[in-house]
Amino acid sequence: MSILGNILWFIFGGFLSGISWCISGLIWCITIIGIPYGKQCFKFAALSFAPFGKDVEYGGGIPSVIANVIWIIFFGIPMALENLLFGCIWCITIVGIPFGLQFFKIAKLSLAPFGARVV
């Protein structure tokens with residue numbers, strides 16, 4: 001089921017979500033200071049392209065909190081709003097609810113990517 005879900009996901013919105021993560025990663029990697037943020041973006045771009053069958057565990061400590069605050073200021077809020085909007089659109093229909101839930105998972109990740117890992 002996760003293979004079919006990932007294929008449909010990629011066609012119906014996952015591509016745009018993954019591209020958003022990749023563009024953010026490229027923008028962050030322009031500067032040396034932003035490279036850790038860019039690497040995090042590329043790591044989660046893979047999740048955005050195929051989220052079914054994967055889960056996100058949150059953890060970390062004070063360095064993760066500081067990095068997440070900086071992230072929220074520059075990229076977190078717009079990316080979370082984008083994913084929330086797509087999630088709400090998908091949840092309008094009963095058939096689209098699984099896709100909407102995946103967008104909500106990625107929206108949560110968009111607000112706090114540091115200290116999170118994909119399992």
**Q** Centre-to-centre under 6.0 Å for Phe103 and Trp9, is that the case here?
**A** yes
**Q** Distance-only, no hydrogens or angles: does the Lys105 side chain make a donor-acceptor pair with backbone N or O of Pro51 under 3.5 Å?
**A**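 Yes; judged by distance alone, with no hydrogens or angles, the pair exists.
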**Q** Going by side chain to side chain contact (heavy atoms under 4.5 Å, CB included), Pro113 matches just one of Val56, Ile72, Asn68, Leu47. Which one?
**A**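 It is Asn68, the one option of Val56, Ile72, Asn68, Leu47 that forms the side chain to side chain contact (heavy atoms under 4.5 Å, CB included) with Pro113.
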**Q** Give me the atom names and distance for the closest heavy-atom approach of Ser110 to Asn83.
**A**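 Where Ser110 meets Asn83 most closely, the heavy atoms are OG-ND2, 3.2 Å.
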**Q** Checking the side chain of Trp90 only, and the main-chain atoms of Phe12 only, is there a donor and an acceptor separated by less than 3.5 Å?
**A**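 Yes, Trp90 side chain to Phe12 backbone: donor-acceptor pair under 3.5 Å.
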**Q** Does a sphere of radius 6.0 Å around NZ in Lys54 hold more than 12 heavy atoms from other residues, nucleotides or ligands, not counting ones at 6.0 Å or beyond?
**A**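 Count over threshold, so yes.
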**Q** Can you tell me if Lys43 has over 12 outside heavy atoms packed within less than 6.0 Å of its NZ?
**A** yes
**Q** To the nearest 0.5 Å, how far apart are CZ in Arg117 and CG in Asp55?
**A** 10.0 Å
**Q** Give a yes or no on whether Ile70 and Ile33 share a hydrophobic cluster (residues Ile, Leu, Val, Met, Phe, Trp, Tyr; joining criterion: side-chain heavy atoms under 4.5 Å apart).
**A**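 No, because Ile70 and Ile33 fall into different hydrophobic clusters, even though each may have its own neighbours under 4.5 Å.
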**Q** In this structure, is the centre-to-centre distance between the rings of Phe99 and Phe86 below 6.0 Å?
**A**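 They do not qualify: ring centres at least 6.0 Å apart.
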**Q** Looking only at heavy atoms, which two atoms of Thr31 and Gly34 are closest? And how far apart?
**A**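 Closest approach of Thr31 to Gly34, heavy atoms only: OG1-N, 3.1 Å.
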**Q** Side-chain heavy atoms nearer than 4.5 Å, only ILVMFWY residues, links allowed to pass through others: does that put Phe42 and Ile27 together?
**A**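 The answer is no; the residues belong to distinct hydrophobic clusters.
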**Q** Just to verify, which of Phe114, Phe44, Trp21, Trp28 counts as forming a ring-ring contact (aromatic ring centres under 6.0 Å, His included) with Phe75?
**A**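 Answer after filtering Phe114, Phe44, Trp21, Trp28: Trp28.
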**Q** On a heavy-atom basis, which atom in Ser20 and which in Glu82 lie closest, and how many Å separate them?
**A**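 Between these two residues, the closest heavy atoms are OG-OE2, 3.0 Å.
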**Q** Would you give the length of the straight line joining atom CD1 of Ile19 to atom OG of Ser24, rounded to the nearest 0.5 angstrom?
**A**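 These two atoms lie 11.0 Å from each other.
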**Q** Please check this pair: side chain of Asn6 against backbone of Phe52, looking for a donor-acceptor N/O pair closer than 3.5 Å.
**A** yes
**Q** Would Trp71 end up clustered with Val69 when hydrophobic side chains under 4.5 Å apart are linked, directly or stepwise?
**A** yes
**Q** For Gly100 and Cys91, which heavy atoms make the closest approach, and how far apart are they?
**A**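 Where Gly100 meets Cys91 most closely, the heavy atoms are CA-SG, 3.7 Å.
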**Q** Are there more than 12 heavy atoms of other residues, nucleotides or ligands under 6.0 Å from atom CZ of Phe15?
**A** no
**Q** Verify the cluster assignment for Phe10 and Ile23: are they in a single hydrophobic cluster under the rule of side-chain heavy atoms below 4.5 Å apart?
**A** yes
**Q** Can Ile7 and Ile11 be said to form a side-chain contact (heavy atoms from CB on, under 4.5 Å), step by step?
**A** CA-CA 6 Å; Ile7 291 170; Ile11 294 169; 4.2 Å; yes
**Q** Is it the case that more than 12 heavy atoms not belonging to Ile94 sit under 6.0 Å from its CD1 atom?
**A** no
**Q** Would you give the length of the straight line joining atom CD1 of Ile106 to atom CG of Leu84, rounded to the nearest 0.5 angstrom?
**A**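 CG of Leu84 is found 11.5 Å from CD1 of Ile106.
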**Q** Hydrophobic clustering (ILVMFWY, side-chain heavy atoms < 4.5 Å, transitive) - are Phe104 and Val95 grouped together?
**A**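 Per the 4.5 Å side-chain linkage, Val95 and Phe104 are not co-clustered.
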